[in-house]
Amino acid sequence: IFSKGVYKSYDGAGTWIPMYGNMGQNAYIMEKEITKVKVDPSNSDHVYLATSDSGVYFSDDGAESWEEMNDGLQTLDIKSLKVANIEYNDFTDNFENGNANEWELDQGWSVTQDNNNYVLEGIGHEWATTGLENWRDYTFEFKLKLIERSIHLNARINDEGRYYVTFSGDGVSLGKSTDGWSQHNEITSVEENYNLDQWYDIKIEVYSDNIKFYVDNILKIDYTDPNPYYSGSIAFESLEDSHIYIDDVNVEIEPIGTAIYAGTAGYGLYSYDSSTEEWTHHGRTLGNGYWTPWERGMYQFS
C-alpha cells in the first residue's frame, strides 16, 4: 500500500498481517511509496518491492526483512516490476535429417555424408553458428574429426568477445577475444598428438567464471577467468586450409533463474544482472512535445 507498508495474507485475502518483522525491524517500509509487490514464481520467500521514492527492495524471507537493490539505477522512481523464470531448451542436432536448419552457416559449411552418416562439414576459414547470446551456463558436447589442419571451438560468443579452443594435430589451446573482437589472446595450451581422420569426443563446460575442456572424457584445460564473459552462443570456426567433420552436437543449458525488470519514471526500462548485482539500462521511453521522456512513467510492459 502506498505509504502504508506491506501486508501479507495466508488465507486467500481473508485477513491481512502487516509485515513489521518479529522485532518491528520493518517499520521504515511502512512509510515507503510502494508501487508494486512481486513474488518470485520459483520461490515464494523471494519478494521484490518497487517504490517511487526509494527504488527497489528485496526480501529472501517472505517479507520479514528487506535490503535495497539499487546499484545501477539512475532513478529511484520505480513504477512497475516484472519477475519471471528464464529457461532455455537443451539443443541437440545429429544432422540425420540431412540439413542444418538451426545453424547459421558460412559458405564453407554444409551437411554431407561420412560412411552413410550425415555430418556437418567445414572447409576453409568459415563459421557455423547457433544458439543464443543469452545462454549462460552450459555443457557443449560433440564429435569432431580433423580431415585437414585445425578448428576453433567457440563458446559464450557475444558482442564483446568469446572463448575459443584451438584443436589441431599438435594439441589444444584456450584463447579469449576481447574489446569487441579486436584482441585475441592465448591463455593456456597443451601439446599433444591428435590423429587426422579419427573421431574424438569433445566437451566444453562453461559455468560461472570457469571453463573446462575435455577430449574423450579426459580433462585437458581447466581455467577460471578473473574477468569472465557470463553468456553467449556457440560456433565452429574451421581455419585456413582446414577440413572438418562435426557430429552429434548436444548443449545442456542450465536455467538462468529469476529475471527481474523495472519500469521507471522518465528513465525507461532496466533489467537486473544477478552476476554483477547491478541494474542494466535499456533506454528511455520515447516522447515529444508536451510529453518529454522525463515525464514518461512506465506503468506497464510485457
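The first residue of the sequence shown is numbered 1, and numbering continues consecutively from there. Excluded from the calculations below are hydrogen atoms, water molecules and symmetry mates; all remaining heavy atoms, backbone and side chain alike, are included.
- Here the side chain of Asp137 pairs a donor or acceptor atom with the backbone of Ser208 at under 3.5 angstrom.
- Between Asp201 and Lys203 there is no salt bridge, since no side-chain nitrogen of the basic residue lies less than 4.0 Å from a carboxylate oxygen of the acidic one.
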Trace of the side chain to side chain contact (heavy atoms under 4.5 Å, CB included) decision for Leu144 with Ile246: CA-CA 5 Å; Leu144 168 66; Ile246 299 288; 3.5 Å; yes
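- Of the inter-residue distances, the one linking Ile29 atom CD1 with Lys4 atom NZ reads 15.0 Å to the nearest 0.5 angstrom.
- Note that CZ of Phe91 and CH2 of Trp135 are 6.0 Å apart. Values are rounded to the nearest 0.5 Å.
- Here the shortest heavy-atom pairing between Ala262 and Ile78 reads CB-CG2, 4.0 Å.
- Side chains of Asp77 and Thr264 form no contact here, defined as non-hydrogen atoms less than 4.5 Å apart.
- Checked by atom type, the side-chain pair Asp61/Ser59 shows a donor-acceptor distance below 3.5 Å.
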Verdict with reasoning, Asn154 to Glu237, per side chain to side chain contact (heavy atoms under 4.5 Å, CB included): CA-CA 7 Å; Asn154 299 274; Glu237 179 192 3; 3.7 Å; yes
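- Residue Gln198 qualifies as enclosed at atom CD: its count of foreign heavy atoms under 6.0 Å is above 12.
- Contact between Asn26 and Ser65 at its shortest, heavy atoms only, is OD1-CA, 3.7 Å.
- Residues Trp109 and Leu120 are in side-chain contact: their nearest non-hydrogen atoms beyond the backbone lie under 4.5 Å apart.
- Classification of the Tyr194-Tyr200 ring pair by plane angle, with boundaries at 30° and 60°, yields perpendicular.
- The same ILVMFWY cluster, assembled from side-chain heavy atoms under 4.5 Å apart, contains both Ile187 and Ile221.
- Side-chain contact of Thr51 with Lys32: a donor-acceptor pair under 3.5 Å is absent, judged by distance alone.
- In this structure, Ile204 is a member of the same hydrophobic cluster as Leu132, with clusters built from ILVMFWY side-chain heavy atoms closer than 4.5 Å.
- The ring pair (Phe, Tyr, Trp, His ring centres under 6.0 Å) contacts involving residues 202-230 comprise Tyr163-Tyr229, where partners must be two or more places apart or lie in separate chains.
- Residues Pro41 and Val83 meet the side-chain proximity criterion, which asks for heavy atoms closer than 4.5 Å.
- Shown here for Glu33 and Ser3, the closest heavy-atom pair between the two residues is CG-OG, 3.7 Å.
- There is no side-chain donor-acceptor pair under 3.5 Å between Asp273 and Thr280.
- The hydrophobic cluster containing Phe95 also contains Leu105, counting ILVMFWY residues as joined when their side-chain heavy atoms lie under 4.5 angstrom apart, directly or transitively.
- Looking only at side-chain heavy atoms (C-beta outward), Trp199 and Asp114 come within less than 4.5 Å of each other.
- Distance alone, capped at 3.5 Å, is enough to place a donor-acceptor pair between the Asn94 side chain and the Glu96 backbone.
- Between Asn97 and Tyr118 the shortest side-chain heavy-atom distance does not fall below 4.5 Å.
- With a 4.5 Å cut-off on side-chain heavy atoms, Trp279 and Val56 count as touching.
- Between Asp247 and Lys145 there is no salt bridge, since no side-chain nitrogen of the basic residue lies less than 4.0 Å from a carboxylate oxygen of the acidic one.
- Side chains of Thr112 and Tyr245 form a contact here, defined as non-hydrogen atoms less than 4.5 Å apart.
- Using modelled atom types, one finds no donor on one side chain facing an acceptor on the other under 3.5 Å when comparing His243 with Glu148.
- Under the 4.5 Å side-chain heavy-atom criterion for Ile, Leu, Val, Met, Phe, Trp and Tyr, Ile157 and Leu174 are members of distinct hydrophobic clusters.
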Residues Thr15, Tyr7; criterion side chain to side chain contact (heavy atoms under 4.5 Å, CB included); working and verdict: CA-CA 10 Å; Thr15 56; Tyr7 290 76; over 6 Å; no
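- Under the 4.5 Å side-chain heavy-atom criterion for grouping Ile, Leu, Val, Met, Phe, Trp and Tyr, Trp127 is not connected to Val251 through any hydrophobic cluster.
- Around the CD atom of Glu104, the shell of radius 6.0 Å holds no more than 12 heavy atoms that belong to other residues, nucleotides or ligands.
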Worked check of side chain to side chain donor-acceptor pair (under 3.5 Å) between Asp11 and Ser9: CA-CA 6 Å; Asp11 59 3; Ser9 174; 2.8 Å; yes
Audit row: Glu254, Tyr88, side chain to side chain contact (heavy atoms under 4.5 Å, CB included) steps and yes/no: CA-CA 8 Å; Glu254 294 295 319; Tyr88 296 101; over 6 Å; no
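- For the pair Glu102 and Thr130, the tightest heavy-atom approach, listed with the atom from each and the gap, is O-OG1, 2.7 Å.
- We find the CD-CD distance between Glu252 and Glu205 to be 9.5 Å, quoted to the nearest 0.5 Å.
- With sequence neighbours excluded, the residues that form a ring-ring contact (aromatic ring centres under 6.0 Å, His included) with Phe236 are Trp103, Phe140, Phe142.
- Side-chain atoms of Asp40 and Ser42 form a donor-acceptor pair, as typed in the model, at a separation below 3.5 Å.
- Looking only at atom types and distance, the side chain of Ser231 has no donor-acceptor partner in the side chain of Arg136 under 3.5 Å away.
- Using a cut-off of 4.0 Å between Lys/Arg side-chain N and Asp/Glu carboxylate O, Asp170 and Arg149 are scored as not salt-bridged.
- Judged by distance alone, the side chain of Thr129 and the main-chain N or O of Ala235 form no donor-acceptor pair under 3.5 Å.
- In this structure, the side chain of Ser242 engages the main chain of Ser150 through a donor-acceptor pair within 3.5 Å.
- Considering every non-hydrogen atom in both Gly169 and Leu146, the closest pair reads N-CD1, 3.9 Å.
- Ring to ring, Tyr261 and Tyr270 are not that close: their centroids are 6.0 angstrom or more apart.
- Asp197 has its side chain within reach of Ile147: a pair of non-hydrogen atoms, C-beta onward, lies under 4.5 Å apart.
- Scanning both residues, Lys220 and Val190, for their nearest heavy atoms gives O-CG2, 3.4 Å.
- Donor-acceptor pairing under 3.5 Å is lacking for the side chains of Asn250 and Asp90.
- Residue Asn185 places its CG atom among more than 12 non-hydrogen atoms of other residues, nucleotides or ligands, all under 6.0 Å distant.
- For CG of Asp159, the number of neighbouring non-hydrogen atoms (other residues, nucleotides, ligands) closer than 6.0 Å is 12 at most.
- Defined by atom type and a distance below 3.5 Å, a donor-acceptor pair is missing between the side-chain atoms of His125 and Ser238.
- Thr35 places no side-chain N or O within donor-acceptor distance of the main-chain N or O of Ser80, the cut-off being under 3.5 Å.
- Side-chain contact annotation: Asn115 with Asn117, donor-acceptor N/O pair under 3.5 Å absent.
- When His282, Lys82, His281 are each tested for a side chain to side chain donor-acceptor pair (under 3.5 Å) with Ser271, only one passes: His282.
- Between Tyr57 and Tyr48, a ring centre-to-centre spacing not shorter than 6.0 Å is recorded.
- Within a 6.0 Å sphere centred on OH of Tyr299, other residues, nucleotides and ligands contribute 12 heavy atoms or fewer.
- Using a cutoff of 4.0 Å between basic side-chain nitrogens and carboxylate oxygens, Glu186 and Lys176 are not scored as salt-bridged.
- To the nearest 0.5 Å, atom OG1 of residue Thr166 and atom CD1 of residue Ile151 are 10.0 Å apart.
- Taking a cutoff of 4.0 Å between a charged side-chain nitrogen and a carboxylate oxygen, Lys8 and Glu64 do not qualify as a salt bridge.
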